[in-house]
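First comes the structure, then the notes that go with it.
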Amino acid sequence: MNGLFGVLAQAQIGDWGFVLQNWDYLAGGLWLTVQLTLLSIVLGFVVGFPAGAVEVYGNKYAATPVKVAGTVLRGTPLLVILIFAYFVAPIGSAFLAAILGLGLRSAAYQTQIFRGSLQSVGEGQMNAARAIGMTKLEAIYHVVVPQALRRSVPSFQNEFTIVLKDTSLAFAIGFAELLTRSYDLFVQRTTAVLEVILFVSAIYFVLTFTTNRALDRLSDRYEIPSGESQ
């Protein structure tokens, strides 16, 4: 780290040509970062949504293992999870290990997002659905879940941003995402460290800003008016 700080202290901004010459290399890392984010979020949703439902509606024998697994994943540093997924789990691929580690970590947080959203739907909604002849499962599926999903959009937006930024930790297992490729570049030319860091930081900012704006629109579109579903 002292070496890097020393290079930063002596660096002069101006070697942008080196960065632009290697744009294709960085763009490849950007594409891998986007893929890793989307696939991890999808895995987190596929695991986290049913896990949240089990915590709310399941009996203690089903809910307890889910709660324990979620607590362990949320309490373990992501870097440790990634290293475990790559070096211990029989996967053999840094990309798949990164998806598994990031996806399961995201699932633990998405479980809590969906659990809170399901619990936020008023009990009267369930009672009204049962009063018109729905079974409990039908009431959950047709009445509670649609409202819970709409309520979860703002929290899901925050989780998406966190996963996007956490993909940079995949460099620890040798996955050549955007940050790893930027490191490769400024090791090649130490006089362009600041340019590479500033350029890659700008890419992360644009990526998070545009996805947040898109999710803001989604949140506004599906926002539940105050007073509804109590």
Contacts of Phe160 meeting side chain to side chain contact (heavy atoms under 4.5 Å, CB included) (sequence neighbours excluded), chain-then-number -> Thr37, Leu38, Ile41, Thr211, Leu215
If you round to the nearest 0.5 Å, how far is [atom2] of [Y] from [atom1] of [X]?
X      : Y      : atom1 : atom2 : value
Thr167 : Leu82  : OG1   : CG    : 10.0 Å
Asp166 : Thr161 : CG    : OG1   : 10.5 Å
Asn59  : Thr64  : CG    : OG1   : 8.5 Å

So, the side chain of [X] versus the backbone of [Y]: is there a donor-acceptor pair under 3.5 Å, distance only?
X      : Y      : answer
Asn158 : Pro154 : no
Gln157 : Asn212 : yes
Glu138 : Thr135 : yes
Ser182 : Leu179 : yes

Here the ring-ring contact (aromatic ring centres under 6.0 Å, His included) pairs for residues 78-106, sequence neighbours left out, are Phe95-Phe175
Residue pairs passing the ring-ring contact (aromatic ring centres under 6.0 Å, His included) test with at least one member in residues 112-141, sequence neighbours excluded, are Phe45-Phe114, Phe49-Phe114
Selection [range] - residue pairs positive for salt bridge (charged side-chain N to carboxylate O under 4.0 Å, His left out), sequence neighbours left out:
range          : result
residues 47-65 : Glu55-Arg115
residues 84-95 : none
residues 20-47 : none
residues 61-79 : none

By side chain to side chain donor-acceptor pair (under 3.5 Å), Ser152 pairs with (sequence neighbours left out) none
- Query: Is the count of non-hydrogen atoms from other residues, nucleotides or ligands lying under 6.0 Å from Tyr183 atom OH greater than 12?
  - Reply: no
By salt bridge (Lys or Arg N to Asp or Glu O under 4.0 Å), Arg105 pairs with (sequence neighbours left out) none
Note: with side-chain heavy atoms under 4.5 Å as the link, the other cluster members for Ile132 come out as Met134, Val143
Below 3.5 Å, can you tabulate the donor-acceptor pairs from side chains in residues 25-36 to any protein atom, sequence neighbours excluded?
residue : atom : partner : partner atom : Å
Tyr25   : OH   : Asp184  : OD2          : 2.6
Thr33   : OG1  : Gly29   : O            : 3.0
Thr33   : OG1  : Leu178  : N            : 3.2

Determine all donor-acceptor pairs shorter than 3.5 Å in which one atom belongs to a side chain in residues 198-210; sequence neighbours excluded.
residue : atom : partner : partner atom : Å
Ser201  : OG   : Ile197  : O            : 2.7
Tyr204  : OH   : Glu177  : OE1          : 3.4
Thr208  : OG1  : Tyr204  : O            : 3.0
Thr208  : OG1  : Phe205  : O            : 3.0
Thr210  : OG1  : Val206  : O            : 2.8
Thr210  : OG1  : Leu207  : O            : 3.1

Q) Between Gln125 and Gln147, is any side-chain donor less than 3.5 angstrom from a side-chain acceptor? A) yes
